[in-house]
K.L.:
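Take a look at the following structure, please.
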Amino acid sequence: MSRPSRHNVSVRWTGGKGDLRAHEIDLAGQTLSGSCAAAWGGDPEKADPEEMLVAALSACHMLWFLDFARRKRLRVVSYEDRPYGEMDARRFTEVVLRPCVAFETQVPRDVVERLHDQAHEACFIANSVTCEVKVEPTRLSTSGTRFA
């Protein structure tokens, strides 16, 4: 993308006695119920901003990975990530992405690693945060069995 783009959402506070931090986030025609993290008294059944940042980093990496794999004509049959973020008292200190990818055919480890490197370099969100974003991929064989 060579020109600036704008990304709009709507955030509305809806708090009440049950959850003083309750809010709704409207994006892409969907409404997401939010609160603060449970550790700060929020509702653990609702998304919190910290989880959403970790999810945004993971989703951005995944979309770039899938794009770069497609460009190499490598068919991804599944992609799953279980990322986490670590914070100190004020900020994220690191986010670790742990993508698990299965391809239709066997793909050499170095090719997969290069795809992750490219995705990490291209990710808009990773390029926008100050904390370290690590990528620790786990691969799946074509049969779906995990291997290192």
K.L.:
Quick one: do R12 and E24 make a salt bridge, cutoff under 4.0 Å?
P.N.:
yes

K.L.:
Given 3.5 Å as the limit, does a donor-acceptor pair link the side chain of E51 with the main chain of D48, or not?
P.N.:
yes

K.L.:
Counting distance only, does the side-chain N/O of S35 pair as donor-acceptor with the main-chain N or O of D43 below 3.5 Å?
P.N.:
yes

K.L.:
How about L115 and K72: do any of their side-chain heavy atoms sit closer than 4.5 Å?
P.N.:
yes

K.L.:
With the side chain counted from C-beta on, respond yes when V112 and F103 share a heavy-atom pair under 4.5 Å apart, and no when they do not.
P.N.:
yes

K.L.:
Applying the 4.5 Å side-chain criterion to the ILVMFWY set and letting contacts propagate, would F124 and L57 be lumped into a single cluster?
P.N.:
no

K.L.:
Just how far is it from atom CD of Q118 to atom CZ of R71, taken to the nearest 0.5 Å?
P.N.:
8.0 Å

K.L.:
Evaluate the side-chain contact (heavy atoms from CB on, under 4.5 Å) criterion for residues V96 and E132: first the C-alpha distance (whole Å), next the side-chain angles of each, then the deciding distance (0.1 Å), finally the verdict.
P.N.:
CA-CA 8 Å; V96 180; E132 182 177 12; over 6 Å; no

K.L.:
Please walk me through it: do V133 and H120 pass side-chain contact (heavy atoms from CB on, under 4.5 Å)?
P.N.:
CA-CA 8 Å; V133 179; H120 183 65; 3.7 Å; yes

K.L.:
Quick one: does N127's side chain have a donor or acceptor within less than 3.5 Å of a partner on E121's backbone?
P.N.:
yes

K.L.:
Return the minimal non-hydrogen interatomic distance between G41 and R21, and the atom names on each side.
P.N.:
O-NH1, 3.5 Å

K.L.:
I'd like to check D67 versus W64 (side-chain heavy atoms, cut-off strictly below 4.5 Å). Are they in contact?
P.N.:
yes

K.L.:
Would you check, one step at a time, whether the test side-chain contact (heavy atoms from CB on, under 4.5 Å) holds for V101 with F65?
P.N.:
CA-CA 10 Å; V101 183; F65 182 93; 3.7 Å; yes

K.L.:
Start with the C-alpha distance between L97 and V54, add both sets of side-chain angles, then the distance that settles side-chain contact (heavy atoms from CB on, under 4.5 Å), and finish with yes or no.
P.N.:
CA-CA 9 Å; L97 308 180; V54 173; 5.6 Å; no

K.L.:
Side chains of S58 and D81: is there a donor and an acceptor less than 3.5 Å apart?
P.N.:
yes

K.L.:
Just how far is it from atom CZ of R91 to atom OG1 of T130, taken to the nearest 0.5 Å?
P.N.:
7.0 Å

K.L.:
Supply the atom-to-atom distance E45 CD to S33 OG, rounded to the nearest 0.5 angstrom.
P.N.:
11.0 Å

K.L.:
Going by heavy atoms in the side chains, are N8 and R6 under 4.5 Å from each other?
P.N.:
yes

K.L.:
Assess whether atom CD of E136 is packed by more than 12 heavy atoms of other residues, nucleotides or ligands within 6.0 Å.
P.N.:
yes

K.L.:
Looking at E80 and R82, is any side-chain nitrogen of the basic one under 4.0 Å from a carboxylate oxygen of the acidic one?
P.N.:
yes

K.L.:
Do Y79 and F68 share a hydrophobic cluster, counting only Ile, Leu, Val, Met, Phe, Trp and Tyr and linking them when any side-chain heavy atoms are less than 4.5 Å apart?
P.N.:
yes

K.L.:
For the residue pair L32 and M52, establish whether any side-chain heavy-atom pair is separated by less than 4.5 Å.
P.N.:
yes

K.L.:
Using a strict threshold of under 4.0 Å (side-chain N to carboxylate O), is an ion pair present between R73 and E104?
P.N.:
no

K.L.:
Looking at every heavy atom in both C36 and P49, which two are closest together, and how far apart are they?
P.N.:
CA-CD, 4.5 Å

K.L.:
Examine V11 and L27 and state if one hydrophobic cluster contains both, with Ile, Leu, Val, Met, Phe, Trp and Tyr joined whenever side-chain heavy atoms are less than 4.5 Å apart.
P.N.:
yes

K.L.:
Answer whether the closest heavy-atom distance between the side chains of F92 and L53 falls below 4.5 Å.
P.N.:
yes

K.L.:
Between the side chains of K46 and D19, is the shortest nitrogen-to-carboxylate-oxygen separation below 4.0 Å, so that they form an ion pair?
P.N.:
yes

K.L.:
What is the distance from atom OG1 of T31 to atom CG of D26, rounded to the nearest 0.5 Å?
P.N.:
3.5 Å

K.L.:
Looking at side-chain heavy atoms only, is the closest gap between P99 and V135 below 4.5 Å?
P.N.:
yes

K.L.:
Check R114 with D110, please: is the shortest side-chain N to carboxylate O separation under 4.0 Å?
P.N.:
no

